[in-house]
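By convention in this document, chain letters (A, B, ...) are assigned in the order of the sequence lines, proteins followed by strands, and residues within each chain are numbered from 1. Fair warning: this is a prediction, and the values are worked out from it, not measured in the lab.
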Number of protein chains: 2
Amino acid sequence: MTISVPLTRMKAGERRELILRAATGVFGTSGYVGATTADVARAAGVSQPYVVRMFGTKEQLFLEVINRALELLLAGFQSALDDTSSDVALEKRMGLAYVNQLKEHGVLLSLMHAFVLGREPVIGRAARAGFMKVYRFLREDAGFDAAQVQNFLASGMLINTMIGLDMAEDYDGDPDVRELMECAFPEKVEMVRELARKRTEG
Amino acid sequence: MTISVPLTRMKAGERRELILRAATGVFGTSGYVGATTADVARAAGVSQPYVVRMFGTKEQLFLEVINRALELLLAGFQSALDDTSSDVALEKRMGLAYVNQLKEHGVLLSLMHAFVLGREPVIGRAARAGFMKVYRFLREDAGFDAAQVQNFLASGMLINTMIGLDMAEDYDGDPDVRELMECAFPEKVEMVRELARKRTEG
DNA sequence: GTCTATAGGATGATAGAC
DNA sequence: GTCTATCATCCTATAGAC
């Protein structure tokens, strides 16, 4: 009698997280429509039907991806809020928390893709609700005033855009791009460029 | 002998502009991947194969759409730059020129969709080049300093995001949304809401 | 829990008539 | 210049075995 359990078996919860991470990267790169469930499956090392089986539909998978991204983002903000040890201003700590989300590719970009699909009935509603959740966290929990929130979110959207553009591809080292990025996220430019380099090589 | 020319005939140049306008709206709503050539054809009142015939591929059509959008945007900026009659500050005039592009649906959103597709080989390159064109116009022609450009572009990306989210759909009249939008484009909130209303009704 | 096979639907693009 | 018909591809989702 041989062991019939495949070596690749694991608990559903673990696979779920694995697939969600993979999906985050894929949706971040290709967007909701452009990403295929087969892309996600390949990235996660499972079969395409399994992805669908586990999440029901591609749409539901995407919703879980952006909900997870929101949780990560708000958790990062909450940590920045709680960390009163450093003497760095709150606004700056929050900015760093935002940029730190770039460590996992697709977290911010998946959200960005959702944010420009407001006319999709289901995704649009979720995207608006998610955006407002962030807004209210900044306004209420973090205590930002209206101008601060606007500034903060605007910078965030510019960062998203430049990451989405994949600026490092054609303009790595371009002084104009460098100037723009330093303005948008000083102290973090090196980290961003390094991430881009790592991807190009890997 | 009867007239065999269909009533719908027109010169290619006119149809071209007609289709480009329609495509701008469709791509703005659904994004590059989500928009279909059939959607564009329907919006333009022509057949789907005709759209493909005229532009070669969907990709080339999209490239023409974003190039046209860039031309409109830069032309608007140039006008704001030339108009020295008013005593409004240049930065503000440029901001109004930006928001005025909302009058044609899809101009800003098509660009935004392109901006988050940096990893698409062809579209990504065009998107980066277009973004840098705007950047250099602001920096050199308009004479903005680094911080001004960063601020201006950040506000622009936030505006794009809120338009893309279609905020008016669920949050029309919400005081939080109103506050955020007034911050982002004062004097223009009414115009934007009116456009949203017109769409909902029409 | 995970896979293979495949159905079913949409979509980009071509062929060819008028 | 514009349309109808149609092909080939791709992709989501289902069925069912192990």
Side-chain angles (χ1 to χ4, degrees), chain A residues 1-23 25-27 29-65 113 117 119-123, chain B residues 1-23 25-27 29-65 110 113 117 120-123:
Chain A
M1 195 185 190
T2 58
I3 298 167
S4 64
V5 177
L7 287 173
T8 52
R9 267 193 191 223
M10 56 170 77
K11 273 181 275 174
E14 296 174 42
R15 273 269 190 262
R16 204 180 178 77
E17 177 65 13
L18 192 75
I19 296 176
L20 276 177
R21 275 186 74 96
V26 173
F27 281 123
T29 299
S30 308
Y32 169 58
V33 193
T36 70
T37 54
D39 291 338
V40 173
R42 203 169 313 122
V46 299
S47 70
Q48 179 269 329
Y50 187 54
V51 172
V52 176
R53 173 72 69 98
M54 179 164 269
F55 293 90
T57 64
K58 173 173 152 177
E59 188 177 67
Q60 283 177 42
L61 171 58
F62 187 62
L63 290 176
E64 293 213 31
V65 163
H113 279 286
L117 288 183
R119 306 281 252 266
E120 291 265 336
V122 181
I123 291 163
Chain B
M1 193 187 190
T2 57
I3 298 168
S4 64
V5 177
L7 288 172
T8 51
R9 266 196 191 220
M10 55 170 78
K11 274 182 273 174
E14 296 173 42
R15 272 269 189 262
R16 204 180 178 78
E17 177 65 12
L18 191 76
I19 295 176
L20 277 177
R21 275 185 74 95
V26 173
F27 281 124
T29 300
S30 309
Y32 169 57
V33 192
T36 72
T37 54
D39 291 338
V40 172
R42 201 169 314 122
V46 299
S47 70
Q48 179 268 331
Y50 187 53
V51 172
V52 176
R53 173 72 68 103
M54 178 164 269
F55 293 91
T57 64
K58 172 173 152 175
E59 188 177 67
Q60 284 178 41
L61 171 58
F62 187 63
L63 290 176
E64 293 213 31
V65 163
S110 290
H113 279 286
L117 288 182
E120 290 265 335
V122 181
I123 291 163

- line: The side-chain hydrogen bond (donor to acceptor under 3.5 Å, both in side chains) partner of B:Gln48 among B:Thr37, B:Thr36, B:Asp39 is B:Thr37

query: What pairs of residues pass the ring-ring contact (aromatic ring centres under 6.0 Å, His included) test when at least one of them lies in residues 43-64 of chain B, not counting sequence neighbours?
result: B:Phe27-B:Phe62, B:Tyr32-B:Phe62

- request: Output the distance between atom CG (A:Leu18) and atom CZ (A:Arg16), rounded to the nearest 0.5 Å.
  value: 12.5 Å

Below 3.5 Å is the cut-off: list the nitrogen or oxygen pairs between protein and nucleotides 11-18 of chain C, distance only.
from   : atom 1 : to      : atom 2 : distance (Å)
C:dG12 : OP1    : B:Lys58 : NZ     : 3.0
C:dG12 : OP2    : B:Thr37 : N      : 2.9
C:dG12 : OP2    : B:Thr37 : OG1    : 3.0
C:dA13 : OP2    : B:Lys58 : N      : 3.0
C:dA13 : N7     : B:Gln48 : NE2    : 3.0
C:dA13 : N6     : B:Gln48 : OE1    : 2.9
C:dG16 : O6     : B:Arg53 : NH2    : 2.8

message: Does C:dT2 have OP1 or OP2 under 4.0 Å away from a side-chain N or O of A:Arg15?
response: yes

field: Atom-pair distance (CE on B:Met54; C1' on D:dT2), nearest Å
entry: 9 Å

query: CD/B:Glu59 to CD/B:Glu120 distance, rounded to the nearest 0.5 angstrom?
result: 7.0 Å

query: Should we count CZ of A:Arg21 as having more than 12 external heavy atoms under 6.0 Å?
result: no

- request: Evaluate the side chain to side chain contact (heavy atoms under 4.5 Å, CB included) criterion for residues A:His113 and B:Leu117: first the C-alpha distance (whole Å), next the side-chain angles of each, then the deciding distance (0.1 Å), finally the verdict.
  value: CA-CA 9 Å; A:His113 279 286; B:Leu117 288 182; 4.0 Å; yes

- request: Grab the OH-P distance between A:Tyr50 and C:dG1 for me, whole Å please.
  value: 6 Å

message: Quick check on the helix from C:dG1-D:dC18 to C:dC18-D:dG1: what's the angle between its two end axes, five base pairs per end, to the nearest 10°?
response: 0°

message: Do A:Val46 and A:Val40 make a side-chain contact, defined as non-hydrogen atoms from C-beta onward lying under 4.5 Å apart?
response: no

query: Considering only D:dG1, C:dT2, C:dG1, which nucleotide approaches the side chain of A:Ala12 most closely?
result: C:dG1

query: Looking only at heavy atoms, what is the nearest atom pair of A:Ser30 and A:Ala35, with distance?
result: CB-N, 3.6 Å

